[in-house]
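Below is one structure, written out as structure tokens; the observations come after it.
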Number of protein chains: 2
Amino acid sequence: MASTIDDVARAAGVSTSTVSYVLSGKRPISAPTRQRVERAIRDLGYRPHAGARALASSRTNVLALMAPLRVDVNVSVIMQFVTGVVTAARTYDHDVLLLTADEIAGMERVATGSMVDALVMMDIEADDPRVPVLARLSQPAVLIGLPRDPEGLSCVDLDFDAAGRLAVRHLTRLGHRQVALVGSPRAVLERHTSYAERMIRGFTQATSDAGVEGIVEPCESSMVGAVDAIDRVLARQPDVTALVVHNEVALPWVLAALRERGRRVPDDVSVLAVCPPDVAVGQPLPLTSIDIPAHTIGTVAVEMAMARVEKSAPAETRLLTPQLVERASTVPPAR
Amino acid sequence: MASTIDDVARAAGVSTSTVSYVLSGKRPISAPTRQRVERAIRDLGYRPHAGARALASSRTNVLALMAPLRVDVNVSVIMQFVTGVVTAARTYDHDVLLLTADEIAGMERVATGSMVDALVMMDIEADDPRVPVLARLSQPAVLIGLPRDPEGLSCVDLDFDAAGRLAVRHLTRLGHRQVALVGSPRAVLERHTSYAERMIRGFTQATSDAGVEGIVEPCESSMVGAVDAIDRVLARQPDVTALVVHNEVALPWVLAALRERGRRVPDDVSVLAVCPPDVAVGQPLPLTSIDIPAHTIGTVAVEMAMARVEKSAPAETRLLTPQLVERASTVPPAR
DNA sequence: CTGAAAGCGCTAACAC
DNA sequence: GTGTTAGCGCTTTCAG
């Protein structure tokens, strides 16, 4: 333990550089020496010192992830993003430094202090103040979400515009003419969180294109919030036949509220959820849903980051095409 | 940008060591020089290189957190642990490297590679295979949970034994003589997860001491699981008057199942939840609860870790005393 | 295919 | 109260 590269070199009877090169593979090593070195490494339980390596190579093999660890939002989606990022990072031999969203100076700190090779930032708002900061850093950054101006940074997200349109298309094809979007909490909207606004835009555009009546109601992530939202929908659109619910947390309460108000799903009203598949399936009735591929998005974010680090690939923005899975909660309207 | 300590020294007209010492405060510096140095630092936007610092000082200012990022468990409690750890770490000028639980080799990797000063490990099982590994590391580790043998490591957790007893005491004082514990999923029990077993032990011991009839039923974290558990309870104990629910995820479904089976809360059956306060309050009826102070536990874990790093304090295990908050869901039994 | 040696940027003796 | 300097452990030219 606590052995250095020189210990290994000595034990293997080679020079330090040779050990370094068998480790990095950056130059050919003859089979016999390679084996002697590998043996020595194993015998000594040698592991390179991360700091020394970072100092000499200016690569840390760490990437920063800034995640919104608030409890108010869709925690399980965040969790899936995070696991996606962490497992993908490991695949590139990187570890993940976790920053919370309230620590805006954190990204600058870890980047300027050369603690990380790249940064991944979740929960981007339209005019996110972090974007200009990230843009000036010397490390590449990947945004999960879509700011109004990416300022040359890479972005990745589900194509929520398309998701809104896809939802409407599915419902109108079934014959629905009165549809409502039960969306994100007002606070999320007020932060101009990118995904919520794009979803609404896609939904609104598609309803208007299809000539159907579509309304949008925000929805707090609580039981009361869901009940309120449903009541507002029913007040504005008493004959609504289909609901698009874009709020994982409120989802169970929305379903409960509908039942309480005497509307059966799917007989009286169809419900299309926008959420990860496991929550769609976990409900009393398996819900038709548009998947939020959180794990995939996290993975792609890391791939984009590593591409920029390793191959200094150019920045790009990638919008994943939404997928709809039909289950038991959407049917043609009654009558 | 990208300036070094020597740049700063030159700009301030002092030696490198002086700059280092104003940064670390490890020796007295006259006010004028200190100011010149601080000015130079600000002007150059200087930030020390983390790797170089780690190499020279063998301190990384990073700590590892191994969190179970499975989706099946109480995600929001995990989230609170994590935020507790991250924010506490920041107060000690440390950042947090996130490891997932499925990556058992990860702790060894980051520790042996000198990436971290200490490790915090969540979700400890009775005979957790990670414990012996951690015990051999040269960095201190803190376990959140209680293994059968801590092997000299620090531990911190809610005193779940006491929580079980406290729950029973509260209910028996109200007059309940037939109580049931609706607990963790079978999978959690089978992993011998420490908190679940201790809760059961405290509950069982207290019911038997008080001479009341107490039964225990595991409960899967899903709607069907909750319904099943309630049905099993009602089958075994038809006249049950009080339930202790130790499963945040199943909690709403448990309440729904009770109502479905015609048992009103609290008139027919009292419910005492073991969960974070926000989920107890977020239910249709505000629930009497024993708090799981996840954030605090995370904070304490970091404090213990830092104490060992900075003051090489001895290991210890700390069990936080559970707190019961009475709300609307527990009343004396009917009749 | 392998070695020697010059740093990478910082800390912490050791001087004065 | 301040300066000099020898490492910390690794990568990567430059030589062979």
Heavy-atom donor-acceptor pair, B:R27 side-chain to D:dT2 base, under 3.5 Å: yes

Donor-acceptor pair (no angle test) under 3.5 Å: B:S17 side chain, D:dT4 base: yes

Under-4.0 Å side-chain N/O to phosphate OP1/OP2 contact, A:T33 with C:dT2: yes

C:dC10 phosphate, OP1 or OP2, under 4.0 Å from B:S20 side-chain N/O: no

Residue mapping more 5' on DNA chain D - nearest nucleotide basis, B:S30 or A:R53: B:S30

Residue that, paired with A:E125, satisfies salt bridge (Lys or Arg N to Asp or Glu O under 4.0 Å) out of A:R198, A:R191, A:R130: A:R191

Phosphate OP1/OP2 of D:dT11 contacted by A:K26 side-chain N/O (<4.0 Å): no

Side-chain N or O of B:T18 closer than 4.0 Å to phosphate OP1/OP2 of D:dG3: yes

Nucleotide nearest A:Y46 when distance is taken to its side chain, options D:dC10, D:dT12, C:dA12: D:dC10

Ionic contact status for A:R42 with A:E38, cut-off 4.0 Å: no

B:I29 side chain, from C-beta outward: closest of D:dC10, D:dG1, D:dT2: D:dT2

Ion pair check, A:D43 and A:R39, cut-off under 4.0 Å: yes

Nearest-neighbour nucleotide for the A:S15 side chain, C:dG3, D:dC10, C:dC10 considered: C:dG3

Of the listed nucleotides C:dT2, C:dC10, D:dT11, the one nearest the side chain of B:T4: C:dC10

Any N/O donor-acceptor pair, B:S57 side-chain to C:dA12 base, under 3.5 Å: no

Nearest listed nucleotide, side chain of B:Y21, among C:dA13, C:dG3, D:dT11: C:dA13

